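Structure record follows, encoded as structure tokens.
Every value quoted in this text rests on a predicted model; they were computed, and no experiment measured them.
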Amino acid sequence: MPKLTILPHEVICPEGAEIEAESGETILNNALKHKISIEHACEKSCACTTCHVIVREGFDSLDEASENEEDYLDKAWGLEPESRLSCQALVTDEDLVIEIPKYTINMVSEDH
């Protein structure tokens, strides 16, 4: 089972976390199952950028982003070459190290 390491985030996960992830599930769903509340204002439908994460390790193990995801990523705060929308990136068998950016462009925070 792959390991998902969430780097410390001041609000969402202050001490960071290391969780066992389920292959074939998105980064977001794996995080939510372990009570790591990454924002996701569009109900995981690839229609916003609130679940933007940076994959610090293991990025190459992910499938390529769709054109729609790429279009939304272009609007994300703090975009980097290893950025993904966590609602779209499926975990494979490789461990991942994830950074949740400090800010999103979301004007309303929805707790799901």
Side-chain angles (χ1 to χ4, degrees):
M1 189 167 265
K3 178 176 62 174
L4 192 59
T5 301
I6 309 291
L7 297 176
H9 180 280
E10 189 176 303
V11 176
I12 296 170
C13 192
E15 296 186 17
E18 190 173 289
I19 61 175
E20 286 194 17
E22 187 175 325
S23 296
E25 277 286 345
T26 63
I27 292 170
L28 178 59
N29 284 341
N30 274 296
L32 293 174
K33 284 179 186 176
H34 289 87
K35 310 284 189 242
I36 301 168
S37 299
I38 297 174
E39 281 190 70
H40 53 286
C42 72
E43 298 293 327
K44 308 177 206 175
S45 65
C46 195
C48 72
T49 65
T50 58
C51 71
H52 167 230
V53 296
I54 302 162
V55 183
R56 293 292 181 203
E57 293 179 25
F59 181 82
D60 291 336
S61 71
L62 303 173
D63 287 341
E64 287 188 31
S66 69
E67 188 175 323
N68 189 41
E69 181 183 353
E70 291 283 352
D71 288 344
Y72 278 102
L73 279 170
D74 286 341
K75 302 171 188 173
W77 183 91
L79 183 66
E80 294 193 17
E82 294 81 22
S83 289
R84 291 297 302 267
L85 297 181
S86 63
C87 72
Q88 299 300 301
L90 296 176
V91 174
T92 61
D93 291 330
E94 191 170 321
D95 295 346
L96 300 174
V97 175
I98 305 298
E99 179 181 345
I100 302 169
K102 187 172 183 175
Y103 301 106
T104 72
I105 62 170
N106 193 15
M107 297 298 189
V108 178
S109 182
E110 298 179 25
D111 190 12
H112 295 275

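Under 4.0 Å is where a charged nitrogen must lie from a carboxylate oxygen, and between E80 and R56 at least one such pair does.
When the side chains of ILVMFWY residues are joined at heavy-atom separations under 4.5 Å, either directly or via intervening members, F59 and V91 end up in a single hydrophobic cluster. By the criterion of side-chain heavy atoms lying less than 4.5 angstrom apart, applied directly or through intervening Ile, Leu, Val, Met, Phe, Trp or Tyr residues, L85 is not grouped with L4; the two fall into different hydrophobic clusters. I38 and V97 are members of different hydrophobic clusters when ILVMFWY side chains are connected at heavy-atom separations under 4.5 Å. Hydrophobic cluster membership is shared by L28 and V53, with clusters built from Ile, Leu, Val, Met, Phe, Trp and Tyr side chains linked at under 4.5 angstrom.
Taken to the nearest 0.5 Å, the CD atom of E20 stands 7.0 Å off from the NE2 atom of H34. Atom-to-atom distance recorded for K75:NZ and E70:CD is 13.0 Å, nearest 0.5 angstrom. How far CG of L62 is from CD of E82: 11.0 Å, rounded to the nearest 0.5 Å. Note that CD of E57 is 12.0 Å distant from CD of E99, once rounded to the nearest 0.5 Å. Atom CD of Q88 is separated from atom NZ of K44 by 11.0 Å, given to the nearest 0.5 angstrom.
Of all non-hydrogen atoms in L90 and G24, the two that sit nearest each other are CD2-O, 3.4 Å. Contact record, T26 with C87: CG2-O, 3.2 Å, taken as the closest heavy-atom pair. Minimum heavy-atom separation, Y72 to T49: O-CG2, 2.9 Å. Here the closest heavy-atom approach between residue C51 and residue S86 is recorded as O-OG, 2.9 Å. Across all non-hydrogen atoms, the minimal contact from S37 to I12 is O-CG2, 3.8 Å. Minimum interatomic distance between E22 and N30 (heavy atoms only, all atoms of both residues): N-OD1, 2.7 Å.
The environment of NZ in K102 is sparse: at most 12 heavy-atom neighbours from other residues, nucleotides or ligands sit within 6.0 Å.
Between the S66 side chain and the E69 main chain, a donor and an acceptor come within less than 3.5 Å of each other. For S83 (side chain) and I54 (main-chain N/O), no donor-acceptor pair under 3.5 Å exists by modelled atom type. Side-chain atoms of H9 come within 3.5 Å of backbone atoms of P101 as a donor-acceptor pair (strictly under, hydrogens ignored). With hydrogens and angles ignored, the 3.5 Å screen pairs a side-chain donor or acceptor of N68 with a backbone N or O of C46. Judged by distance alone, with hydrogens and angles left aside, the side-chain atoms of T50 form a donor-acceptor pair with the main-chain N or O of A41 at under 3.5 Å.
Within the 4.5 Å cutoff, side-chain heavy atoms of S61 are placed close to those of L96.
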Test side-chain contact (heavy atoms from CB on, under 4.5 Å) on H40 and L32 and set out the steps.
CA-CA 10 Å; H40 53 286; L32 293 174; 3.7 Å; yes
